[in-house]
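I have placed the structure first, in the form of structure tokens, so that the comments after it can refer back to it.
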Amino acid sequence: MVFKRLLGSLGVGGPTVDTVLDPGAALPGGTLSGQVQLRGGSADFDIEHITLELVARVEAEHEDGESEGVAVFDRFTVGGSFRLAEGEQRGVPFSVTLPWETPVTELYGQGLGIVLGVRTELAVAGAKDKGDLDQLAVRPLPVQEAILEALGQLGFGFKSADLEYGRIGGTGQQLPFYQEIELAPPPQYAHAVNEIELTFLASPGGVEVVLEADKPGGLFSDGHDTVTRFTVGHDGVEHQDWNGLVDGWIRQLVEHRASYGSHASYGSHAPYGSHAPYGHGDPYPHAGEHGHGDHHHGHESHHRSGPGVGTVVAAGAAGLAVGVVGGMVAAEVVDEVGDFFEGDEDDEGDEG
């Protein structure tokens, strides 16, 4: 969707800005391109700079509960230092690189409820106005898609996704927030966990996969969360047995949780991690800022950097994709986007 707005800080007769993103979802670490379209006002204006901000709706936990806010996670100056004549129409093309940790907003074209946007700031003669906001769609990297597809084929169901403000200890996280994808376990794991939370932390060299198992305590036990971590490369996606690899991760997480609950108190390091069925994992002695116990770190044997070649995904192959966005969820996503843009787009009459 594209929004047009008269720059309120300049008053009637000021230039207008309309940023149009190229069609299609972007990739984390990939290129975001488009054009900032300017229309001159009733006089000549000196355009000092045109800046794009990447913004996200994030949740923050604090003593009084949870709250939501908008976080800026990157900025790009894409033009400026020119005079826009009265009534002149000018297009400023841009091509910028998204952060590798940019959250995924859709899977197989279906929205996950994550709200990202591109906000355009125009500085004219000392006045600045964030007068244009566009929704940003991001699809998974090939390795991320392969892992999500495998989880769907293993029977995990999508519950929800959100962005959490904070950092996961012991990781290479760069952004001030991280994405959590909550999954309901299949019957074979339902006795061990209530849900699995999945986080991807991508980088040029690969993807850190953080898995968290959550199960409330029973009559004689406390509820604990347990976290394990694995690293996979971008290459060789189509040659990997992802179902077997991911199932091994889940089994390791469940075993880790069982060991954690049986032999260690909450917040201590469980005696697990002496072996890793995939690669050369070692116990990771970090009581993470994520707020949970120790992290286990395993590596995929093919750990090479570079762009992935992708996977061919049959329609409906992953259970995760089925029913992710029904009518109700789709409506909620639209409402969230509307709320997200509220305040930046007060003058609805100027939107197009």
Side-chain angles (χ1 to χ4, degrees), residues 58-61 65-66 103-104 107 110 112-114 144 147-166 168-171 177-201 208-230 243 245-273 284 287-296 298 318-326 328-329 332:
V58 302
E59 298 179 1
E61 295 184 1
E66 291 186 352
V104 173
L107 177 62
Q110 301 186 32
L112 301 179
I114 298 297
Q144 294 171 328
I147 291 170
L148 291 168
E149 180 185 358
L151 285 164
Q153 292 178 349
L154 291 170
F156 285 85
F158 176 83
K159 293 179 64 176
S160 65
D162 58 23
L163 303 180
E164 299 282 346
Y165 184 80
I168 302 176
T171 69
F177 58 84
Y178 55 91
Q179 181 174 15
E180 277 191 346
I181 300 173
E182 298 181 359
L183 308 171
Q188 65 266 33
Y189 291 119
H191 68 286
V193 293
N194 273 352
E195 70 177 19
I196 297 289
E197 294 178 349
L198 167 67
T199 295
F200 293 121
L201 298 174
E208 286 184 88
V209 183
V210 182
L211 292 171
E212 178 181 350
D214 173 39
K215 182 177 181 180
L219 182 61
F220 301 106
S221 63
D222 294 329
H224 301 307
D225 292 345
T226 306
V227 179
T228 61
R229 187 170 75 249
F230 305 88
N243 284 17
L245 181 63
V246 173
D247 189 52
W249 292 349
I250 300 299
R251 291 179 184 276
Q252 186 170 337
L253 178 64
V254 170
E255 292 171 8
H256 190 179
R257 199 218 169 278
S259 175
Y260 183 90
S262 300
H263 304 290
S265 61
Y266 181 74
S268 65
H269 303 303
Y272 184 86
Y284 222 83
E289 296 170 335
H290 198 52
H292 312 297
D294 72 311
H295 295 219
H296 186 276
L320 286 175
V322 179
V324 169
V325 178
M328 181 180 68
V329 179
E332 290 175 355

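Bear in mind the structure is a predicted one, so any value in this text is a computation, not a measurement. Computation of the quantities below employed the complete heavy-atom set of this structure, encompassing side-chain atoms and omitting hydrogens, waters and symmetry-equivalent molecules.
- Proximity of Ile147 to Trp249: side-chain heavy atoms (C-beta onward) are separated by under 4.5 Å at one or more points.
- Considering only residues two or more places apart in sequence or on other chains, Tyr165 meets the ring pair (Phe, Tyr, Trp, His ring centres under 6.0 Å) condition with none of them.
- Residues forming a side-chain contact (heavy atoms from CB on, under 4.5 Å) with Leu154 (at least two apart in sequence, or on another chain): Phe156, Val246, Asp247.
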request  = Show your working on side-chain contact (heavy atoms from CB on, under 4.5 Å) between Leu163 and Tyr178 and close with a plain yes or no.
outcome  = CA-CA 6 Å; Leu163 303 180; Tyr178 55 91; over 6 Å; no
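- Among all heavy-atom pairs drawn from Ala190 and Pro185, the shortest one is CA-CG, 4.1 Å.
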inquiry  = What verdict does the side-chain contact (heavy atoms from CB on, under 4.5 Å) test give for Leu148 and Ile181, after you've listed the backbone C-alpha separation in whole Å, the side-chain angles of each residue and the deciding distance to 0.1 Å?
reply    = CA-CA 10 Å; Leu148 291 168; Ile181 300 173; 4.2 Å; yes
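- Note: Leu183 CG to Lys159 NZ = 9.0 Å, rounded to the nearest 0.5 Å.
- Taking CD of Glu180 as the start and CD1 of Ile168 as the end, the distance is 7.0 Å to the nearest 0.5 Å.
- One distance of note links CG of Leu198 with CD of Gln179; it measures 8.5 Å at 0.5 Å rounding.
- Note: Asn243 CG to Leu151 CG = 9.0 Å, rounded to the nearest 0.5 Å.
- Residues that satisfy the side-chain contact (heavy atoms from CB on, under 4.5 Å) test with Gln188, not counting sequence neighbours, are Pro186.
- Contact check for Val227 versus Leu211: no side-chain heavy atoms found under the 4.5 Å cut-off.
- The closest donor-acceptor contact from the side chain of Glu182 to the backbone of Glu195 lies at 3.5 Å or more, if one exists at all.
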